[in-house]
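Values reported hereafter were calculated over all heavy atoms of this structure, with side chains retained and with hydrogens, waters and symmetry mates removed. Computed from a predicted structure; not experimentally measured.
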Amino acid sequence: MRTLSDIAEEYEFLEADERYRLLIELGRELEDMPQALKTDATLVRGCSAQVWVYPTGTEEKLHFLADSNAAITKGIVALVISAVQDKPAGEVAQMDIAAALEPFDLKNQLSSNRTQGVPNMIALVKEHAARIAAG
């Protein structure tokens, strides 16, 4: 998975249509999430599309599997995950993920329908991290 800074560097130089293509590409690069993990418990509430996020890994190296049934939304999920992937759970729990995503200006780049679930994705990732960090 690409780092958030690498993605931001590329994103900065793209036009709107190319940014959509990059998001779709990022979504395709997500690690496959087994169908069995796509349950009500892993579903992110408040998203216009279906989004699932599942934590794996350890306290020292938190890892997430994620998926969506919509291409652009899956790319947004990939952005959120790339900000936290393989970092210590305690660091992720304290991280300002929304600030890390600011260079992408998602609110102005995408429809409000597509971005409405982002705070819920971030909250779920941070909740998982805090729970894992607490042991």
Using only atom types and a distance under 3.5 Å, with no angle test, would you say the side chain of [X] pairs donor to acceptor with the backbone of [Y]?
| X | Y | value |
| --- | --- | --- |
| N69 | Q50 | yes |
| K126 | M95 | yes |
| E18 | E15 | yes |

Check your understanding: Should the pair D40-R45 be classified as a salt bridge under the 4.0 Å nitrogen-to-oxygen rule?
Key -> yes
With a 4.5 Å limit on heavy-atom distance, are the side chains of [X] and [Y] in contact?
| X | Y | value |
| --- | --- | --- |
| C47 | M121 | yes |
| L106 | L79 | yes |
| L4 | L101 | yes |

Review point. Can you pull the ring pair (Phe, Tyr, Trp, His ring centres under 6.0 Å) pairs that have at least one residue in residues 84-107, sequence neighbours excluded?
Key: Y11-F104
Study note, to complete from the structure: So CD of Q85 and NZ of K61: to nearest 0.5 Å the spacing works out to 9.0 Å
Review point. Of T42, D67, V44, N120, which is the lone residue that meets side-chain contact (heavy atoms from CB on, under 4.5 Å) with V53?
Key: V44
Check your understanding: Among T56, V92, D86, which residue meets the side-chain contact (heavy atoms from CB on, under 4.5 Å) test with L62?
Key -> V92
Tell me which donor-acceptor pairs under 3.5 Å the side chains of residues 127-135 have, and how far apart each pair is, sequence neighbours excluded?
{"residue": "H128", "atom": "ND1", "partner": "R131", "partner atom": "NH2", "Å": "2.6"}

Practice item. Please go through Y54's hydrophobic cluster and name the other residues, only I, L, V, M, F, W, Y counting, with side-chain heavy atoms under 4.5 Å joining them. Key: M33, L37, L43, W52, L65
